[in-house]
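This report refers to the structure that appears directly beneath it.
A note on names: the letters A, B, ... follow the listed sequences, proteins ahead of strands, and every chain is numbered from 1. Just so it is clear, the structure is predicted and the values come from calculations on it, not from any experiment.
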2 protein chains.
Amino acid sequence: MMVHMGDVFRALADPTRRTILDELAERDGQTLFEICSRLTMKYGISSSRQAISQHLDVLADAGLVRTRRDGRFKFHYIDPAPLDRLTERWRPKGERQ
Amino acid sequence: MMVHMGDVFRALADPTRRTILDELAERDGQTLFEICSRLTMKYGISSSRQAISQHLDVLADAGLVRTRRDGRFKFHYIDPAPLDRLTERWRPKGERQ
DNA sequence: TTGATAGGCAAGTGATTGCTTGCCTATGAT
DNA sequence: ATCATAGGCAAGCAATCACTTGCCTATCAA
């Protein structure tokens, strides 16, 4: 699947998706239900399971989340690789990020 | 003016706004009309002056563009400061950006 | 096999967004 | 004074987005 840089920016534009990444950064490899309940507990985000699932799809399309199936369970892992050099294009030439 | 991090992500989510930043990174301090004509010439973006003006407002709200008035002219300057450590929160602990 | 759990699909809705249109003010040249 | 230039304000519109609702499949435990 080809990931465009615009997908990454768009994925990061939503606060709920950024919180999902926060949560996965703290505890990687959670299932959809785990993410839902923890978002509610810790952040007061009361979106439905389907809403979170759709957010995870957007994050996966951006390459920021990778998934692994195991039976009934689907585990979600953060992948920070698309964040590399994401904003480098707007820095003054010759400057290191 | 208080700049929230979400404003930065939202500002970067639009391809036209990213192109505006590209253009300012290459030639800083352009006026609105200069930006409009150069976007059309170089990138084939044929949005109206008002559309570009609204994009510049969003970029300014995000702190990514600063302006300076001089008579009839308003010059636009890129400010990459909000890009600093923007994505650091999702990197594995102890890793340098 | 029955029921519960984990997740998927798709249509519908309300809010936001990007953009246009129309008109206005301010500055500077002639 | 007149006119062109540079930009601003605000309403309207179509497309997109986040989210819900309703129903479905798949896996596993009892």
Side-chain angles (χ1 to χ4, degrees), chain A residues 1 4 6-24 27-41 43-62 64-77, chain B residues 1 4 6-24 27-41 43-62 64-77:
Chain A
M1 178 204 58
H4 296 91
D7 294 334
V8 181
F9 287 112
R10 201 180 78 74
L12 296 176
D14 183 84
T16 301
R17 283 194 289 269
R18 292 197 297 272
T19 304
I20 291 175
L21 288 184
D22 290 338
E23 181 55 31
L24 288 180
R27 178 182 294 217
D28 210 12
Q30 296 187 59
T31 66
L32 173 58
F33 277 77
E34 282 178 305
I35 294 170
C36 284
S37 69
R38 295 178 74 87
L39 285 184
T40 304
M41 301 295 176
Y43 308 96
I45 295 174
S46 56
S47 297
S48 69
R49 175 181 59 86
Q50 288 81 352
I52 304 301
S53 176
Q54 285 163 7
H55 281 310
L56 286 168
D57 287 342
V58 174
L59 289 168
D61 286 345
L64 289 164
V65 162
R66 306 210 171 273
T67 60
R68 180 175 62 85
R69 262 280 186 189
D70 184 18
R72 279 188 299 179
F73 301 100
K74 188 177 180 183
F75 300 102
H76 300 265
Y77 301 89
Chain B
M1 178 203 57
H4 296 89
D7 294 334
V8 181
F9 287 113
R10 202 181 76 74
L12 295 176
D14 184 84
T16 300
R17 283 194 289 269
R18 292 196 298 272
T19 304
I20 291 174
L21 288 183
D22 289 339
E23 182 55 32
L24 287 180
R27 177 180 296 216
D28 209 12
Q30 296 187 57
T31 66
L32 173 58
F33 277 78
E34 282 178 307
I35 294 170
C36 284
S37 69
R38 295 178 73 88
L39 286 184
T40 304
M41 301 294 175
Y43 308 95
I45 295 174
S46 56
S47 297
S48 69
R49 174 181 60 86
Q50 287 82 349
I52 303 301
S53 176
Q54 287 163 6
H55 281 310
L56 286 168
D57 287 342
V58 175
L59 289 169
D61 286 345
L64 290 165
V65 161
R66 306 210 170 273
T67 60
R68 179 175 63 85
R69 261 280 186 188
D70 184 18
R72 279 187 300 178
F73 301 100
K74 188 176 181 183
F75 301 101
H76 300 264
Y77 300 89

Select base, sugar-phosphate, or nothing to describe what B:Ser47 touches, counting heavy atoms under 4.0 Å on all strands.
sugar-phosphate

May I ask you to verify whether the side chain of A:Arg49 and the base of C:dG8 hold a donor-acceptor pair under 3.5 Å?
yes

Min side-chain heavy-atom separation B:Thr67-B:Arg69 under 4.5 Å
no

As a test of reading the structure: which of C:dC19, C:dG18, C:dG7 is closest to the side chain of B:Arg10, going by heavy atoms?
C:dG18

Of the listed C:dT27, D:dG7, C:dG8, the closest approach to the B:Lys74 side chain comes from D:dG7

From D:dT20, D:dA4, C:dA4, nucleotide with atom closest to A:Ala51 side chain
D:dT20

Of the options C:dG18, D:dA6, D:dG8, whose atoms approach the side-chain atoms of B:Asp14 most closely?
C:dG18

Whole angstrom is fine here: how far is it from CZ in A:Arg68 over to P in C:dG7?
12 Å

What is the distance, to the nearest angstrom, from the CZ atom on B:Phe73 to the P atom on D:dA6?
5 Å

Gap between atoms CD1 and C1', on B:Ile20 and C:dG18 respectively (whole Å):
12 Å

Nearest-Å distance, CD1 (A:Ile52) to P (C:dG8)?
13 Å

Taking OP1 and OP2 of D:dC19, is either one under 4.0 Å from a side-chain nitrogen or oxygen of A:His55?
yes

Mind calculating the distance between CG (A:Asp61) and P (D:dT16) to the nearest angstrom?
16 Å

With a 4.5 Å cut-off on side-chain heavy atoms, are B:Val65 and B:Leu21 touching?
yes

What is the distance from CZ of B:Arg69 to P of C:dT25, rounded to the nearest Å?
15 Å

Tell me the interatomic distance from B:Asp70, atom CG, to C:dT27, atom P, rounded to whole angstroms.
11 Å

Quick check: any donor-acceptor pair below 3.5 Å linking the side-chain of A:Gln54 to the base of D:dT20?
yes

Any idea which of D:dG8, D:dA18, D:dG22 is nearest the A:Gln50 side chain?
D:dG22

Residues in side chain to side chain donor-acceptor pair (under 3.5 Å) contact with A:Asp22, at least two apart in sequence or another chain
B:Arg89, B:Trp90

Ranking A:Ala13 and B:Thr31 by the position along DNA chain D of their nearest nucleotide, the one closer to 5' is B:Thr31

Take atom CZ of B:Phe75 and atom C1' of D:dG7, then tell me their distance rounded to the nearest Å.
13 Å

Side-chain N,O (A:Ser48) to OP1/OP2 (D:dC19) below 4.0 Å
no

State, to 0.1 Å, how close B:Asp7 and B:Asp61 come at their nearest heavy-atom pair, and which atoms those are.
OD2-O, 4.2 Å

Quick one, B:Arg10 and B:Val58 - any side-chain contact, counting heavy atoms below 4.5 Å?
yes

